[in-house]
Asker: 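Quick one: the structure is below, questions incoming.
Each residue takes its place number in the sequence, starting with 1. As the structure is a prediction and not an experimental result, all values here were calculated from the model.
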Amino acid sequence: MILFPNAKINLGLYITGRRPDGYHDLLTAFYPVNWHDILEIVPARGEDTTLTVTGRGVDCPPEKNLVMRAYRALAEVAPLSSVDIYLHKVIPDGAGLGGGSADAAFTILGLNNLFSLGLAADEMARVAARIGADCPFFIYDRPMLATGIGDVFSPCEVSLAGVPVLIVKPDVHVSTREAYVGVTPRDPDVDLAGLLAGPVASWQGRLVNQFEQSVFQAHPEIAGLKSAILGMGAAYASMSGSGSAVFGIFPGADSDKLSREASIRFAGMEFFVSTNRM
């Protein structure tokens with residue numbers, strides 16, 4: 001069984017409060033994009049479940065990889081035989097794109113199908129939540145508003161179907177801890193769901209990722225990247241999650257032409273042009 005875990009971008013990200021347990025409450029919209037890893041799950045040749053990772057290097061031993069954590073979490077609630085898992089990494093890590101969480105969620109989806117477990121999406125989402133707050137999003141894999149610590153989801157009426165989205169990952173790592181240090185929680189000054197239901201052209205300056213203020217101060221090259229993307233004609237640009245990837249939305253643009261221009265402007269950086277069907 002072969003699956004293609006996809007990345008996500010954040011459309012707005014507001015830190016609304018600090019919780020007694022040390023976590024933060026937030027409000028954001030997750031939107032799936034078609035930058036994919038490749039995940040294959042097959043019956044095990046031996047007695048044990050194994051994970052082989054290729055492609056981008058992952059600084060994590062296999063037993064601690066989110067894919068293996070997902071297998072173990074599902075095995076606690078459903079009968080699983082041993083499998084061999086092959087993960088080819090394409091989505092950049094440490095970018096705010098959710099690649100690792102997507103891999104974990106798609107592992108649960110794949111195992112559910114492979115072993116005909118018959119688990120509903122909400123049941124798989126509860127298992128995924130044990131791996132990470134944003135993992136359940138990838139079980140649903142459609143536009144969602146997220147609240148709580150990013151683990152409470154509701155459908156979001158926003159569509160970028162057919163609209164090219166340029167995502168650029170600079171050679172900069174931003175830790176989540178670092179991103180939170182400079183953030184002061186506050187309630188958003190916009191109706192996020194209402195704003196997203198409107199045209200993309202109305203978002204810039206109103207749809208905010210609160211992490212940008214502190215991250216841009218620490219890493220001005222990321223701020224420069226956002227400015228460069230806006231300079232290319234993006235109707236909206238933002239950092240995704242806590243960074244360091246920045247994306248721009250280009251309604252009406254030709255995706256091939258956009259990709260060629262990006263290859264020149266952002267030479268030496270990883271980039272991807274996503275054109276979604278939803």
Asker: Look at the side chain of Thr275 and the backbone N and O of Gly162, then say whether any donor-acceptor pair between them is shorter than 3.5 Å.
Answerer: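 Side chain of Thr275 to backbone of Gly162, a donor-acceptor pair under 3.5 Å: no, none is there.
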Asker: Quick check: do Ile85 and Glu40 have side-chain heavy atoms less than 4.5 Å from each other?
Answerer: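 When only atoms from C-beta onward are counted, Glu40 and Ile85 do not touch, as no gap falls below 4.5 Å.
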Asker: Check whether any side-chain N or O of Thr49 sits under 3.5 Å from a backbone N or O of Val83 as a donor-acceptor pair, and report yes or no.
Answerer: yes
Asker: Would you say Val208 and Trp203 are hydrophobically clustered, going by side-chain heavy atoms of ILVMFWY under 4.5 Å?
Answerer: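 Yes, Val208 connects to Trp203 through the hydrophobic network.
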Asker: Would you check if the distance from the ring center of Phe211 to the ring center of Phe216 is below 6.0 Å?
Answerer: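 So the answer is no for these two rings.
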Asker: Determine whether a donor-acceptor pair (N or O, by modelled atom type, separation under 3.5 Å) exists between the side chain of Asn209 and the backbone of Met239.
Answerer: yes
Asker: As a quick check of understanding, evaluate side-chain contact (heavy atoms from CB on, under 4.5 Å) for Leu11 and Ile9, giving each step before the final call.
Answerer: CA-CA 6 Å; Leu11 301 177; Ile9 54 175; 4.1 Å; yes
Asker: Ignoring hydrogens and geometry, is there a side-chain-to-backbone donor-acceptor pair from Ser214 to Ala179 under 3.5 Å?
Answerer: yes
Asker: Which class fits the ring pair Phe247 and Tyr236: parallel under 30°, tilted 30 to 60°, perpendicular over 60°?
Answerer: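 Aromatic pair Phe247/Tyr236 classed tilted.
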Asker: Any donor-acceptor pair under 3.5 Å linking the side chain of Ser240 with the backbone of Asn10?
Answerer: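 Yes: the side chain of Ser240 pairs with the backbone of Asn10.
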Asker: Which distance, rounded to the nearest 0.5 Å, do you find between the CD1 of Ile139 and the CZ of Phe106?
Answerer: 8.0 Å
Asker: Val190 and Arg206: which non-hydrogen atoms are nearest, and at how many Å?
Answerer: CG1-O, 3.7 Å
Asker: Look at the aromatic rings of His36 and Phe4 and report parallel, tilted or perpendicular, splitting at 30° and 60°.
Answerer: perpendicular
Asker: With distance as the sole test, does Ser274 use its side chain to make a donor-acceptor pair with the main-chain N or O of Asn34 at under 3.5 Å?
Answerer: yes
Asker: Which is it for Val163 and Phe250 under the side-chain contact (heavy atoms from CB on, under 4.5 Å) test, yes or no, and what are the steps along the way?
Answerer: CA-CA 6 Å; Val163 178; Phe250 292 79; 5.6 Å; no
Asker: If we only count heavy atoms from C-beta on, is the Leu39 to Tyr86 side-chain gap below 4.5 Å?
Answerer: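 Not in contact.
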Asker: Does atom CD (Gln213) have a neighbourhood of more than 12 heavy atoms from anything else shown, all under 6.0 Å?
Answerer: no
Asker: Nearest heavy-atom pair of Pro136 and Phe153: which atoms, and what distance?
Answerer: CB-CE1, 3.7 Å
Asker: Thr16 versus Pro188: any side-chain heavy-atom pair under 4.5 Å?
Answerer: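 Side-chain contact under 4.5 Å: yes.
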Asker: Side-chain donor-acceptor pairs under 3.5 Å in residues 94-102, sequence neighbours left out?
Answerer:
from	atom 1	to	atom 2	distance (Å)
Ser101	OG	Asp134	OD1	2.6
Ser101	OG	Asp134	OD2	3.4

Asker: Sequence neighbours excluded, which residues qualify as side chain to side chain contact (heavy atoms under 4.5 Å, CB included) partners of Ser81?
Answerer: Phe115
Asker: If you group Ile, Leu, Val, Met, Phe, Trp and Tyr by side-chain heavy-atom gaps below 4.5 Å, do Phe138 and Ile131 land in one group?
Answerer: no
Asker: Using atom types as modelled and distance alone, determine if a side-chain donor or acceptor of Asp103 lies under 3.5 Å from a backbone N or O of Val67.
Answerer: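 The answer is no, because no donor-acceptor pair under 3.5 Å joins these two groups.
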Asker: Do Glu212 and Lys226 come within less than 4.5 Å of each other through their side chains, counting heavy atoms only?
Answerer: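 Glu212 vs Lys226: side chains touch.
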Asker: Judged by atom type as modelled, is there a donor-acceptor pair below 3.5 Å linking the side chain of Gln210 to the main-chain atoms of Thr184?
Answerer: yes
Asker: Is a donor on one side and an acceptor on the other found under 3.5 Å between the side chain of Asp37 and the backbone of Pro5?
Answerer: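 No; judged by distance alone, with no hydrogens or angles, the pair does not exist.
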Asker: Checking Arg72 side chain against Glu63 main chain: does a donor-acceptor pair fall under 3.5 Å?
Answerer: yes
Asker: By side chain to side chain contact (heavy atoms under 4.5 Å, CB included), which residues pair with Phe266, not counting sequence neighbours?
Answerer: Leu166, Val168, Leu225, Ala228, Ile229, Met232, Ala262, Met269
Asker: Applying a strict under-4.5 Å side-chain criterion to I, L, V, M, F, W and Y, I'd like to know whether Leu51 and Ile38 cluster together.
Answerer: no
Asker: Could you tell me which non-hydrogen atom of Glu47 sits nearest to which non-hydrogen atom of Ser82, and how far apart they are?
Answerer: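 Closest heavy-atom pair between Glu47 and Ser82: O-OG, 2.5 Å.
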Asker: Would you kindly confirm whether Val77 and Leu66 end up in one hydrophobic cluster when ILVMFWY residues are joined by side chain heavy atoms under 4.5 Å apart?
Answerer: no
Asker: Report the C-alpha separation of Asp122 and Tyr140 in whole Å, then their side-chain angles, then the decisive distance to 0.1 Å, and conclude whether the side-chain contact (heavy atoms from CB on, under 4.5 Å) test is met.
Answerer: CA-CA 9 Å; Asp122 288 348; Tyr140 304 111; 2.7 Å; yes
Asker: Are Ile222 and Val174 close enough that some pair of their side-chain heavy atoms sits under 4.5 Å apart?
Answerer: yes
Asker: Could you walk me through whether Leu109 and Met124 satisfy the side-chain contact (heavy atoms from CB on, under 4.5 Å) test, starting with their C-alpha distance in whole Å, then the side-chain angles of each, then the deciding distance to 0.1 Å, before giving a yes or no?
Answerer: CA-CA 7 Å; Leu109 288 164; Met124 289 186 284; 3.7 Å; yes
